[in-house]
Structures are given as C-alpha cells and as structure tokens.
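The structure appears below as structure tokens.
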2 protein chains.
Amino acid sequence: MQTKTIKSLAGKKRVILPRAVRRQQLILATMRCISEVGLSSVTMAQVTKEAGLSRGIANLHFERKENLLIETLRFVTDEYNRGQAEILDAATFSSAAEQLAALVQFQFSRSVTEATKMAVWFAFYGEATSRPTYQKICADSDARAARSVRALFTQLGAAQEALIDVGAVTDGYIALIDGLWLNILLAPQKMTRAKAKRVARTFLEGVFPSIKA
Amino acid sequence: MQTKTIKSLAGKKRVILPRAVRRQQLILATMRCISEVGLSSVTMAQVTKEAGLSRGIANLHFERKENLLIETLRFVTDEYNRGQAEILDAATFSSAAEQLAALVQFQFSRSVTEATKMAVWFAFYGEATSRPTYQKICADSDARAARSVRALFTQLGAAQEALIDVGAVTDGYIALIDGLWLNILLAPQKMTRAKAKRVARTFLEGVFPSIKA
DNA sequence: GCTGAGAATGAACGCGTGTTCATTCTTAGC
DNA sequence: GCTAAGAATGAACACGCGTTCATTCTCAGC
C-alpha cells in the first residue's frame, strides 16, 4: 500500500489531497515559520514554500492570511487543552496526588515545551492585546485550563487540614507555569525543563504538604 | 516662562528641539502604537503621525525602523530596572521584609502594570525568539532583575530557621510575577492588580514565614 | 542683521506584500 | 474511456511599506 502510494505519486505532476490534510500541512509550516522569523515577519510566500506547495494554495484553503494565523493559534491551544484534559478528566489515577504529578510532567514534557510551539504560543500572546480574535482564543484556552486545575486543587485542598484559598492558589499556579514557560523560551540554557519541574513541584508541595510523600 | 514658550511657538511653522527630546517623543508614540495595533502592524507613518511630527523625522533620529523599535524596548526595560533598583539597592529600609513589601508594591503599581507598557513588553517577548537583539535585551534585563531579587532572598533566607533553595525560590518568584503580568494583560477584568499582589504575597509568605508579622 | 550649520519636512521611489484568477491537471462517477 | 467538478498552480496586479533627499526653515554666533 505504502509502496503503491509512493509509486503512484512518483510520476504525477500534481498531488491532490483532502482539504484537512492540506490545512494541517499549512498550519505546521506556519508554526515553523513563526518560530524562525517571528509572527510579524511571516509571509505567505514563505509558508507555502516551507510546506512545499504552490503560492495560491493557502488562499484556496484559508481564504485570507489572517484565517491561517488564527487556525494556527487554535491548533496550538487545542492541542494543549486536549493533552491537559486527558490527564485531568481521567478517572484512571489512583490518587489526586498522582494526577497532579502527571500534570506537572505533562506541562514540562518535551512535546509541550518544544521551542517551535512555545514560540508560536508567545508570539500570539504578544499580539493578543491588539487583536480581539487572538485575545479571545487565548482567554478561552486559559479559562478552560484553569477550570480543571481548580477542580483538582479543590479536591486536594479538601483532603487536608490546612485551609487554602483555592482561587488564589490556582491563579498562582497558572501564573507560575506561564512564567516558567516564558523563561524556558527566552533563556533555555538557564531554565531547563528539569529545573522548571522542580520549581513547580516546590510550589505545589508548599501548598499541599500531603503530596510530598 | 511657560507662557513665553507657548507664545513663541505659536507663530512658528517649525519647532526645533534637542535630539533627546525628539527621540523620546518618538519612543513614546511607538509604545502607544504598539499597544494599539500590535508590533507586527506598526508603521512609521502611524508612529510619526501619533507623535505629531513629519514623515521623515524618525529616520532622521533613528535611521532605521528597527533601531526605533530596539530603543523602545530598551526604554521600557531600563525604566523597569531603574525602578526596581531604586528599591532593592536602597539602604533606607528598616528591614528586609519591608523591602520585600515595597518590591511587590512596585511590581504591581499602576505605573508598571499600565496596559501600554505591558503590551509593549510582551509584544517584544513574543518576537524575541526570532530576533537576537530583542532576545539579548530581554535576557539582560531579566538577569539584572533576578540578581537583586536573589540577593534579597538570600538575606531573608539566612534570617530564618527553615532552609530554602534560594535559586529555585528566586526562579519561581520571577516566573510567578511574569505569569501574573501576563494574566493582567490578557484578562485584566479577571486578574486585577490587587489580586495579583495577594497571590504574590501568599507565595512569599509560604517561603518566608517571618514576613507574615 | 547676516549667515552657515543642521533640524525638519513631505513628496517621490522602489520593493515586497497579500490576493486574484485564468489555466492546468486529477479523479470519481458513469 | 469520457467527462464534469474541483484541486492545484504561479504569473500578474494593486497597494502600502520603509526609506531617501531636495527643499524649507530656525537660530546661535558673529
């Protein structure tokens, strides 16, 4: 099958693929371009070249450059939210503490902290102030992420004696993670994934002493 | 004096001012423009119009657009660093705890968290990955800020019984502040300055119990 | 009051951009 | 095997950008 596909493509001048495939190719190319030259310098010519496709194809599948950029942002946020939900909505963990450990592990996994993705993430953050569409996508993604973290923290807080302000702790944790990501992006040699994980765990152990065990 | 200046300007077609004044006018206009339309959409025409000056003046004082942008970033980071140094290098505080309180107060002051400034700050962060010059300015500023915070934390840590990892606590605190700023920028109605201050204080009290008093 | 140095202006230019669309090519349905 | 639908192409276009520079204007030094 694989061989047949390759052979059948070899002699053809054009390859026709489903819309969804083309869209993803272009989105991935856009991510690489943004991380290389920055959101403010990305051009359609560059993206289509990076994708190995013709000049007009982006407009065919996204109509306007702005749409491609928006879909790229959505792609990144959706992927993160799906990954986080897989952990926090799962019923397969034997304890909340274990679930929390898995969350930290995920947040500083290679996949999430990949330079390409984080560059895209913060590039859009940087433009969000002046672009309502970006702002909304970022805010929605953040809200979704915060909600499930708060739920877990509520559970952990209820199980211990010391009272905590769940809202403040959630806000603090989310801010801490964002800040650590930013540091990883700006100075990767000073802030490694391992270091960031340790900082996050220290914060959590301070708030939820029971997880230390 | 004031009257004379105004009167003397009224009839003139052109006003000639020192280079430093023009440069600052243009930098301030650039900041307003970035926060309004985003770093990727700022044009020289827009900036010079916002500054109430002619088209060519930016090139006269900065030569290239890129230089104006770099100087704008430097302006913002320098201002912050000066403000932080004023607190952390001062010998006028009666205790380290008091100094720490002043730091938090400063970091979430109106002046620092002003939407215009924070938009500029994060706009450049977003482009830093692909622009070595931005990256260096941001990294240098961060390093300077971190150094004096670490010094204060070392002092506070030495004064208490419980041992802390000063490096990790400093990294965590800096990341927390960055993350809180980002939240203030992206969702100002959800994360207020007061709330952010409380979150920061909670973090610090967890690490340095003595300051609670 | 003159004058030279240089600050300020804004029209003009060339280039690179996003977008369009006539054309070419592929394939599913018959 | 034919054909219609539509996916893919890339040359062409119009526009807006950063930058230049001839010209105008200001004022300190004499």
Side-chain angles (χ1 to χ4, degrees), chain A residues 1 4-27 29-30 33-34 36-72 127 130-131 133, chain B residues 4-30 33-34 36-72 127 130-131 133:
Chain A
M1 203 50 162
K4 186 188 159 196
T5 306
I6 289 170
K7 218 189 264 180
S8 73
L9 292 180
K12 304 206 174 164
K13 294 182 177 167
R14 275 187 202 178
V15 179
I16 291 186
L17 288 173
R19 183 179 166 85
V21 173
R22 288 293 185 221
R23 284 172 65 97
Q24 177 153 341
Q25 282 180 350
L26 289 165
I27 286 172
T30 303
C33 288
I34 289 175
E36 197 181 334
V37 303
L39 182 52
S40 70
S41 305
V42 180
T43 68
M44 292 301 251
Q46 217 170 349
V47 169
T48 51
K49 189 183 171 185
E50 171 74 30
L53 298 170
S54 70
R55 192 66 208 282
I57 198 162
N59 291 92
L60 180 66
H61 291 296
F62 290 96
E63 278 159 70
R64 342 247 329 114
K65 180 188 183 185
E66 184 62 14
N67 290 343
L68 170 59
L69 294 177
I70 288 171
E71 291 307 314
T72 302
E127 288 286 299
S130 49
R131 307 266 184 135
T133 313
Chain B
K4 185 186 163 198
T5 307
I6 289 171
K7 219 190 263 182
S8 73
L9 292 179
K12 302 204 176 165
K13 292 184 181 170
R14 274 185 204 180
V15 178
I16 292 186
L17 289 172
R19 183 179 167 84
V21 172
R22 288 296 185 217
R23 283 172 66 98
Q24 177 152 340
Q25 282 180 350
L26 289 165
I27 286 173
L28 293 175
T30 303
C33 288
I34 289 176
E36 196 180 337
V37 303
L39 182 53
S40 70
S41 304
V42 181
T43 68
M44 292 301 251
Q46 220 169 347
V47 170
T48 51
K49 190 183 170 185
E50 170 74 29
L53 298 170
S54 70
R55 192 67 210 282
I57 198 161
N59 292 92
L60 179 67
H61 291 296
F62 290 96
E63 277 160 72
R64 342 246 332 118
K65 181 187 182 185
E66 184 61 14
N67 290 342
L68 170 59
L69 293 178
I70 288 171
E71 291 307 315
T72 301
E127 288 285 298
S130 49
R131 308 267 184 135
T133 313

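Protein chains get the first letters and strands the later ones, always in sequence-line order, with residue 1 at the start of each.
As judged by a 4.0 angstrom heavy-atom cut-off over every strand, B/Arg19 is placed among residues making no nucleic acid contact. If you check every strand for non-hydrogen atoms under 4.0 Å, A/Val47 touches nothing. Nucleic acid contact class of B/Val21 (heavy atoms, under 4.0 Å, all strands): none.
Distance from the side chain of B/Thr43 is smallest for D/dG18 among the nucleotides C/dA8, D/dA8, D/dG18. Listed candidates were D/dT19, D/dA8, C/dG10. Nearest to the side chain of B/Ser54 is C/dG10. Distances from the side chain of A/Lys65 to the nucleotides D/dT9, D/dG18, C/dG18 place C/dG18 closest. Here C/dA8 is the nucleotide among C/dA8, C/dA12, D/dA12 with the atom lying nearest to any side-chain atom of B/Arg22. For A/Leu53, whose side chain is taken as the heavy atoms from C-beta onward, the closest listed nucleotide among D/dT9, C/dT9, D/dG10 is D/dT9.
The phosphate of D/dA7 (OP1 or OP2) has no side-chain N or O of A/His61 nearer than 4.0 angstrom. Within the 4.0 Å cut-off from OP1 or OP2 of D/dT19, at least one side-chain nitrogen or oxygen of B/Arg64 is found.
Remark: C1' of D/dC13 and CZ of A/Arg55 are 12 Å apart, rounded to the nearest angstrom. Whole-Å rounding puts the A/Gln25 CD to D/dA8 C1' distance at 12 Å. Remark: P of D/dC21 and CD1 of B/Ile57 are 18 Å apart, rounded to the nearest angstrom. Atoms CG (A/Asn67) and C1' (C/dT19) sit 13 Å apart, rounded to a whole Å. Put simply, CG on A/Leu17 is 12 Å from P on C/dA28, counting in whole angstrom units. D/dA8 atom C1' lies 15 Å from atom CE of A/Met44, rounded to whole Å. Rounded to an integer number of Å, the gap from A/Leu60 CG to C/dT23 P is 18 Å. For A/Leu26 and D/dT9, the CG to C1' distance is 14 Å, given to the nearest whole Å.
Taking all atoms of both residues into account, the shortest heavy-atom contact from A/Thr30 to A/Leu26 is OG1-O, 2.7 Å. When every heavy atom of A/Thr48 is checked against every heavy atom of A/Arg55, the shortest pair comes out as CG2-O, 3.8 Å. When all heavy atoms of A/Glu127 and B/Leu39 are compared, the pair lying nearest together is OE2-N, 3.0 Å.
Residues B/Ile16 and B/Asn59 both approach DNA chain D. Their nearest nucleotides, taken by heavy-atom distance, put B/Asn59 toward the 5′ side.
More than 12 heavy atoms of other residues, nucleotides or ligands lie within 6.0 Å of CD in A/Glu66, so this atom counts as buried by the packing criterion.
With hydrogens and angles ignored, a donor-acceptor pair closer than 3.5 Å exists between the side chain of B/Arg14 and the base of D/dT24.
Taken from OG1 in A/Thr43 to NZ in A/Lys49, the straight-line distance is 10.0 Å, to the nearest 0.5 Å.
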